[in-house]
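First up is the structure itself, then whatever we jot down about it.
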2 protein chains.
Amino acid sequence: MTTAPDAGAVPGTVRPGGRTARVREAVLRAAGDALAERGFAHLDLAEVARRAGVGKTTVYRRWGTVTALLADLLDDMAEQSEPRVEVGSLLSELEANATLVRRTLTDSRQGALFKAVIAAATSDAHAAQALHRFYAARVAEWAPCVRQAAERGEVPADTDPEQVVRAVSAPLYYQLLTTGTPLDQAAAERAARAAYEAARAGAFRTGR
Amino acid sequence: MTTAPDAGAVPGTVRPGGRTARVREAVLRAAGDALAERGFAHLDLAEVARRAGVGKTTVYRRWGTVTALLADLLDDMAEQSEPRVEVGSLLSELEANATLVRRTLTDSRQGALFKAVIAAATSDAHAAQALHRFYAARVAEWAPCVRQAAERGEVPADTDPEQVVRAVSAPLYYQLLTTGTPLDQAAAERAARAAYEAARAGAFRTGR
DNA sequence: CGATTAACGGGACCCTGGTTCCGTTAACGC
DNA sequence: GCGTTAACGGAACCAGGGTCCCGTTAATCG
């Protein structure tokens, strides 16, 4: 009787180098392609495997479900998203953020991924967690611009920075999901402006 | 050779009375129950048929897909949603709207339905259209309160009423989908307040 | 460089969501 | 009422997404 390997371990953790890494990369790329071309509903792990030049058994063993694959894709994307650049005025920083969000949602690849993850998150806890992680990181990245604006006196001192950042994205996502209207630059500017004015008026103050 | 019935017709349109109506009602109720209990991902038309005490063939013949059934459910719900009651001040009307939206999204039955339809809409055109119809109707229902406020001079005269109404809902949906935080009443009030302040400051003016 | 074994790949298999067939029930028009 | 036939319901059937088995390839360690 030889020592049995840990049956509970996720494949890819013990020997993550070389082949395993190449497989992961190829599968994530293929999944992104398939998603952008055919959409979430038609996403088929066997097809992803074929596109990636990989056995379908491998995809099922490593990820198991479509939602798990999406979560991995999102984590992968989170690592390579652009950092905020400091500008100096709150309104222009919020506009920069809104423009970035708009570009992301409009991009055929990233937009499709977001829609898919959002759909998956409504019924799958793992996908939901991946989504929450993603937004927590993004919000944390942009919150400082509000904090600095508070120090400059542009907005009330007890303004909740995260609320302001979320307020910029919210209308863009809402429009994407609930209307057929395309997300244009005017929508992005409007979103930034609205969040800015609301913050200045004290709508996002924490202490009561 | 007898006259062939129109093969392209949707079942239930020629003899919509009695049995057909009862079946539709039972299936929609069962679908709503199943959705609330087991979630979108586990929604199975055969199970819906069983719950409704109806043959699964019938469900497939009448609706065909899960998304079509969801669209029908949403249309059904749209007919019975509460009308707005006039209050008098814009802020309190927007708060009433925010509270209504919050209650809807928080309700286990309706909330599950919304999440499901949103998920379906990201990849199915029919579900997306049903969703757009629903929101267009809801927004049209509430837009007048902004118009009246504009006449009273509470907000700039060229404020776009629909933008304001959408701005109230957006943060609530955004929070529901992208964070794990529960939707509390404070969130509803904040959403209303933010939309109100932004509108007053002219963030939703149409002419440039 | 060689041994060990994690991870991969092909193919057979299986199971369940969805379709088809056809007999039965009950709307609707007269 | 009565006849016509739309719509329903049960059961057999089909297909393709997901699993299992087992032989092959190549990371990792010494």
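Chain naming here is simple, since letters A, B, ... match the order of the sequence lines and numbering starts at 1 in each. Just so we're clear, the structure is a prediction, and the values are computed from it rather than from any experiment.
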Starting at atom CH2 of A:Trp63, determine the distance to atom C1' of C:dC8, rounded to an integer number of angstrom.
-> 12 Å
Within the pair A:Arg62 and C:dC8, is there a side-chain N or O less than 4.0 Å away from OP1 or OP2?
-> yes
To the nearest Å, give me how far apart CZ (A:Arg50) and C1' (C:dG10) are.
-> 15 Å
Looking only at side-chain N and O atoms, does A:Tyr60 come under 4.0 Å of OP1 or OP2 in D:dG18?
-> yes
Could B:Arg38 and B:Asp44 be called an ion pair, given the rule that one side-chain N must be under 4.0 Å from one carboxylate O?
-> no
Going by modelled atom types, is there a donor-acceptor pair between the base of C:dA7 and the side chain of A:Arg19 at under 3.5 Å?
-> yes
Please give, in whole Å, the distance from D:dG17 C1' to A:Glu47 CD?
-> 13 Å
Could you identify which residues of residues 22-35 of chain B place a heavy atom less than 4.0 Å from some atom of DNA chain D, listed by residue number, or say none?
-> B:Val23
Which part of the nucleic acid, if any, lies within contact of A:Arg61, taking any heavy atom under 4.0 Å across all strands shown: a base, the sugar-phosphate backbone alone, or nothing?
-> base
In whole angstroms, the gap separating C1' of C:dG17 from CG of B:Leu69 amounts to 15 Å
Degree of bending, the helix from C:dC1-D:dG30 to C:dC30-D:dG1 (end axes from five pairs; round to 10°) | 60°
Please tell me which of A:Val54 and B:Asp44 maps to the more 5' nucleotide of DNA chain C, matching each residue to the nucleotide holding its nearest heavy atom.
-> A:Val54
For B:Thr57, answer base if it contacts any base atom (sugar-phosphate contacts may also be present), sugar-phosphate if it contacts only those atoms, and nothing otherwise; contact means non-hydrogen atoms under 4.0 Å.
-> base
May I ask you to decide whether B:Arg62 forms a salt bridge with B:Asp72, counting only side-chain N to carboxylate O separations under 4.0 Å?
-> no
Can you find a donor-acceptor pair, distance only, under 3.5 Å between A:Lys56 side chain and D:dG18 base?
-> yes
Between A:Arg51 and A:Glu37, is there a salt bridge with N-O shorter than 4.0 Å?
-> yes
Should the pair B:Tyr135 and B:Phe114 be assigned to parallel (<30°), tilted (30 to 60°) or perpendicular (>60°) ring geometry?
-> tilted
Not counting sequence neighbours, which residues clear side-chain contact (heavy atoms from CB on, under 4.5 Å) with A:Ala150? List them please.
-> A:Val155
Minimum-distance pair of heavy atoms, taken over all atoms of B:Thr122 and A:Lys115 = CG2-O, 3.8 Å
Got a donor-acceptor contact below 3.5 angstrom from the B:Ser169 side chain to the B:Arg166 backbone?
-> no
B:Arg147 and B:Glu162 ion-paired at < 4.0 Å | no
Does B:Arg205 come within less than 4.0 Å of B:Asp160, counting only side-chain N to carboxylate O?
-> no
